[in-house]
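A short worksheet on the structure shown next.
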Amino acid sequence: MALSTQPYKGARDFYPEDKRLQKYMFRIMRESVEKFGYEEYDAPILESLDLYLAKTGEEIVNEQTYTFEDRGGRKVAIRPEMTPTVSRMVAARRQELAYPLRWYSIPNLWRYERPQHGRLREHWQLNVDIFGSEDVQAELEIIRVADSILKTFGATHDMYTIKLNSRKLMDFIMNEYLGLNQVQSYTLSKLIDRMHKMPAEAFDAEVEALFSPSQREAGAHNKLHGLLKTKHLDALPERLRELPSVVALQKLLTQLKAMHIPNVIFDITVMRGFDYYTDIVFEVNDTHPENNRSMFGGGRYDGLVGLFGVEPVPTVGFGMGDVTLQNFLEGHDLMPKLRSETDVFAIIVGDVAEKAEKVIDDLREMGLHIAVDFTGRKIDKQIKTASKKDVHYALFIGERELKDEQYVLRNLQTGVEERHSASRIVSIVKDYRED
RNA sequence: GCGGAAGUAGCUCAGUCGGUUAGAGCGCUGGAUUGUGGCUCCGGAGGCCGUGGGUUCGAGUCCCAUCUUUCGCCCCA
């Protein structure tokens, strides 16, 4: 039986053209967040399993994490997300860091689950966090950063919606306003989280089953129903509007709109999967009709750093996955045509290899990326090879060129050929590379 | 983890009722008087029909299992 050439289930090989796309996406991400002063960090892909047992949703640890025992008997996990890791790093140097911290990373993460559209077992996820600010200005900045990234990819505001909500508001609604106990609240929040994926009747039935007789008596169901239909903060009952979280949400919405981000809305059904969110959460949705799903999101999690036994550090952050981002870019026709990192494919004509290599080395010295075809094949084959590699220019070097030191530079896109000196070639190619 | 669909050449696929040496297009490769790709013409390579069992005189075709891909569910990015 032959060895399989397939990559591991749910993981991808990155051939040069795939890697080109990944590098492009990471470059835009880095440039966007660094504009706001975020600094890159990194960490090992392996973590102690304990790190994930304390928090996170239970299912992620039990069923979706790759775990194993190392040779020393330690329980090890391949990181399924970056937030616990970065919280651990911050906690380790809690006292000496200069707050507010603006950190980002693009780690690869692993989750053991069934691969399907937009979800693989290994993915890369831009993580952007701001540590050390309780002020809603932190949320404002984080959302602006997320918006700015999408804009840099060429997206316009009609392509996505930013939905905001608050966990504190939801907790208040469930505990105080509806009078639910802890178990009921937890179940209901998970139910609201997937409310849009189930028929209204099924949702109603599950909600009804959740309430106790006395709660039903008190009209809990109707109250909840009314709330879930709320599209604006002003439409909330007075008691809820006075909550600090709601005031903060209102401020956020107003400021974002003032900053020319009109596609933000309040959405009371946004919950986010992780249990560690403590207040404001947000979610970015693709508006493309065929891919109308949550692309990524984030929120405030003030409790995580404190789990390591140090004073808590208030934190706001989000994670943006490469697979969902790619789907978004493809859906909105935002994928760039990427060329090779190689600027020039040199074609040596005749028996002049030694002299030609000298010229090529000079060009490399002046900063060009040049691959040389030393096969001596027919010229048409060599041009075809260059073209297939998505190299932009072919450079012919033969007797004639070497004699007068004028080389034939061919633009493989247009087919236009010109004779130039080496230094002129360098500036032409560099000019092209710049844009 | 639970359902549905699909696996034939590198890619996209055809293959009748189970019947001889398994097909096309594209791609790859060589050539059309040796310094120019994409067009045209001619030649060539390339298949354990995903894998393992079973039924049958005979299986790409029917049955079972398994792996992979894919769509949905759970969950989430």
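Numbers restart at 1 for each chain; the letters A, B, ... are given by sequence-line order, proteins then strands.
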I'd like the [atom1] distance from [M] over to [N], given in whole Å.
N: B/C57; M: B/U66; atom1: P; result: 28 Å
N: B/G19; M: B/G58; atom1: P; result: 15 Å
N: B/G23; M: B/G30; atom1: C1'; result: 23 Å
N: B/C62; M: B/G18; atom1: C1'; result: 8 Å
N: B/U70; M: B/G50; atom1: C1'; result: 15 Å
N: B/U51; M: B/A14; atom1: C1'; result: 24 Å

Handout entry: Residues A/Asp361, A/Arg364: salt bridge by 4.0 Å N-O rule
Key = yes
Any luck finding a side-chain donor-acceptor pair between [X] and [Y] under 3.5 Å?
X: A/Ser185; Y: A/Asn175; value: yes
X: A/Glu34; Y: A/Tyr104; value: yes
X: A/Tyr52; Y: A/Arg79; value: no

Paired with [N] by Watson-Crick or G-U wobble geometry, both distances under 3.5 Å: which nucleotide is it?
N: B/C41; value: B/G31
N: B/A24; value: B/U12
N: B/C73; value: B/G1
N: B/G18; value: none
N: B/U56; value: none
N: B/U36; value: none
N: B/A6; value: B/U68

Handout entry: pair A/Val281-A/Leu164: side-chain heavy atoms closer than 4.5 Å
Key = no
Set out, line by line, the N/O atom pairs under 3.5 Å between protein and nucleotides 36-40 of chain B.
{"residue": "B/U36", "atom": "O2", "partner": "A/Arg410", "partner atom": "NH1", "Å": "2.8"}
{"residue": "B/U36", "atom": "O2", "partner": "A/Glu417", "partner atom": "OE2", "Å": "2.7"}
{"residue": "B/U36", "atom": "N3", "partner": "A/Glu417", "partner atom": "OE1", "Å": "3.4"}
{"residue": "B/U36", "atom": "N3", "partner": "A/Glu417", "partner atom": "OE2", "Å": "2.5"}
{"residue": "B/U36", "atom": "O4", "partner": "A/Glu417", "partner atom": "OE1", "Å": "3.4"}
{"residue": "B/G37", "atom": "N7", "partner": "A/Arg410", "partner atom": "NH2", "Å": "2.7"}
{"residue": "B/G37", "atom": "O6", "partner": "A/Arg410", "partner atom": "NE", "Å": "3.4"}
{"residue": "B/G37", "atom": "O6", "partner": "A/Arg410", "partner atom": "NH2", "Å": "3.4"}
{"residue": "B/G37", "atom": "O6", "partner": "A/Leu412", "partner atom": "O", "Å": "3.3"}
{"residue": "B/G37", "atom": "N1", "partner": "A/Leu412", "partner atom": "O", "Å": "2.6"}
{"residue": "B/G37", "atom": "N2", "partner": "A/Ser387", "partner atom": "OG", "Å": "2.2"}
{"residue": "B/G37", "atom": "N2", "partner": "A/Leu412", "partner atom": "O", "Å": "3.4"}

Problem - Exceeds 12 heavy-atom contacts within 6.0 angstrom, atom CG of A/Asp333 - result: no
Exercise for the section: Please indicate whether A/Tyr8 has more than 12 foreign heavy atoms, meaning atoms of other residues, nucleotides or ligands, lying under 6.0 Å from its OH. Expected result: yes
Exercise for the section: Please state whether the rings of A/Phe296 and A/Phe318 are parallel, tilted or perpendicular, taking 30° and 60° as the class boundaries. Expected result: tilted
Practice task
Measure up the A/Tyr112 and A/Tyr66 rings against each other and bin them: parallel (under 30°), tilted (30 to 60°), perpendicular (over 60°).
Solution key: perpendicular
Detail all sub-3.5 Å separations between protein N/O atoms and N/O atoms belonging to nucleotides 67-69 of chain B.
{"residue": "B/U68", "atom": "O2'", "partner": "A/Gln6", "partner atom": "NE2", "Å": "2.9"}
{"residue": "B/U69", "atom": "OP2", "partner": "A/Lys9", "partner atom": "NZ", "Å": "3.1"}

Interatomic distance, [X] [atom1] vs [N] [atom2] [rounded to whole Å]:
X: A/Leu191; N: B/C76; atom1: CG; atom2: P; answer: 13 Å
X: A/Lys378; N: B/U33; atom1: NZ; atom2: C1'; answer: 10 Å
X: A/Phe203; N: B/C73; atom1: CZ; atom2: P; answer: 17 Å
X: A/Trp124; N: B/C76; atom1: CH2; atom2: P; answer: 23 Å
X: A/Arg121; N: B/A77; atom1: CZ; atom2: C1'; answer: 16 Å
X: A/Arg119; N: B/G1; atom1: CZ; atom2: C1'; answer: 13 Å
X: A/Ile149; N: B/A77; atom1: CD1; atom2: P; answer: 16 Å

Practice task
List the steps and the verdict of salt bridge (Lys or Arg N to Asp or Glu O under 4.0 Å) for A/Glu341 and A/Arg20.
Solution key: CA-CA 8 Å; A/Glu341 297 284 327; A/Arg20 226 134 69 194; over 6 Å; no
Exercise for the section: Would you classify A/Met320 as touching base, sugar-phosphate or nothing, given that sugar-phosphate means primed atoms plus P, OP1 and OP2, and contacts are heavy atoms under 4.0 Å? Expected result: nothing
Practice task
May I ask you to say what A/Leu120 touches in the nucleic acid, namely base, sugar-phosphate or nothing, with a heavy-atom cut-off under 4.0 Å?
Solution key: base
Handout entry: Base B/C75 paired with A/Arg111 side chain (donor-acceptor, <3.5 Å)
Key = no
Handout entry: N/O donor-acceptor pair, side chain A/Glu113 with base B/A77, under 3.5 angstrom
Key = yes
Practice task
Output, in order, the C-alpha distance, side-chain angles, deciding distance and verdict of salt bridge (Lys or Arg N to Asp or Glu O under 4.0 Å) for A/Asp362 and A/Lys358.
Solution key: CA-CA 6 Å; A/Asp362 287 347; A/Lys358 257 191 81 182; over 6 Å; no
